[in-house]
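Letters go in sequence order (proteins before strands), and every chain restarts at 1.
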There are 2 protein chains.
Amino acid sequence: MSYSRQATLSCDNNSDASCSVEAALSIISGKWKLKIYKILQQGTPVRFSMIAKGLGDVSEKSLSFQLREMENDGLIARTVYPEVPPRVEYSLTDLGKSLQIVFESLDVWGKAYIKANKLGV
Amino acid sequence: MSYSRQATLSCDNNSDASCSVEAALSIISGKWKLKIYKILQQGTPVRFSMIAKGLGDVSEKSLSFQLREMENDGLIARTVYPEVPPRVEYSLTDLGKSLQIVFESLDVWGKAYIKANKLGV
DNA sequence: CAGTATCCGTGCTGATACTG
DNA sequence: CAGTATCAGCACGGATACTG
């Protein structure tokens, strides 16, 4: 891990009210996080390779990194089964599930935006 | 302008429902956009230099770029007064104002996240 | 299978200098 | 005043090879 995070997370020096908003944004921002979320949303734990397959063209490193960030943020749970070959399953935590309403809000606005700007195609 | 946008915008090839969410995310993602939004939220049009002052340490190029993106996305209106010296004022459009509820949603979740992860300080 | 290590390309962002 | 042009740095994400 050569770099960590945008550092907007803790907002130590915050005198503004946008701290929580920026925290939320930094957590859900990431090229694959939304799609990972959608995959895990089904409810049953999903294996690393299955997530990779669901995403299509993600590299192992990128997927691993995004998953690790989501785990560190408390969005997903990582369960390792001490088997051979190794098996690791990921699932949404309650905190992760609570993102649902945020995505719904973004979905509603996104649709309104697309409509307003006539970006149908 | 040497580069344009992350290209997740139009979602031409979308077969998934996350298109609108990603569109919304790409639009509000940007180092200064949330703070610009907060400044313009007061209601009265604000001049370029006043926005810069409100942000503190943003470069002119970065601010200009963020404003241009927000304008292109229909979030803010740009009014040029043909005076000397030139005066340009920015204000939120109705579409921009409609982001309010999205930010509220992010704010609520962000607060819950901070609480869950004990990131107070 | 599920990663990690290393290298690398690109794009976002900033600093500085210049213009109408 | 309100930008634009150019240069530069670094974070991000990807490719490939290697490991427990």
Q) Checking all strands, does A/Ser62 fall into the base, sugar-phosphate, or nothing category for heavy-atom contacts under 4.0 angstrom? A) base

Q. Which class fits the ring pair A/Phe103 and A/Tyr37: parallel under 30°, tilted 30 to 60°, perpendicular over 60°?
A. perpendicular

Q) Given that A/Pro86 and A/Trp32 both sit by DNA chain D, which one's nearest nucleotide is further toward the 5' end? A) A/Trp32

**Q.** Whole-Å distance separating the CD1 atom of A/Ile51 from the C1' atom of C/dC1
**A.** 13 Å

Q. Which nucleotide in the set D/dG14, D/dG3, C/dA15 lies at the smallest distance from any side-chain heavy atom of B/Val88?
A. D/dG3

Q: Could you work out which one of D/dG3, D/dA2, D/dA15 sits closest to the side chain of B/Ser49?
A: D/dA2

**Q.** Nucleotide nearest B/Arg68 (side chain, heavy atoms from C-beta), chosen from D/dT4, C/dA2, C/dG14
**A.** D/dT4

Q. If you check every side-chain atom of B/Lys61, which of C/dA15, C/dG3, C/dA2 has the closest atom?
A. C/dA15

(Q) What contact category does A/Tyr81 fall into here, base, sugar-phosphate, or nothing, at under 4.0 angstrom with non-hydrogen atoms? (A) nothing

(Q) At 4.0 Å (heavy atoms only), tell me whether A/Glu89 reaches a base, stays on the sugar-phosphate, or touches nothing. (A) nothing

Q. Is any N or O donor-acceptor pair between the side chain of A/Lys31 and the base of D/dG13 shorter than 3.5 Å?
A. no

(Q) Requiring both pairing distances under 3.5 angstrom, list the stems that contain DNA chain D and are made of three or more consecutive Watson-Crick or G-U pairs. (A) C:1-20 with D:1-20

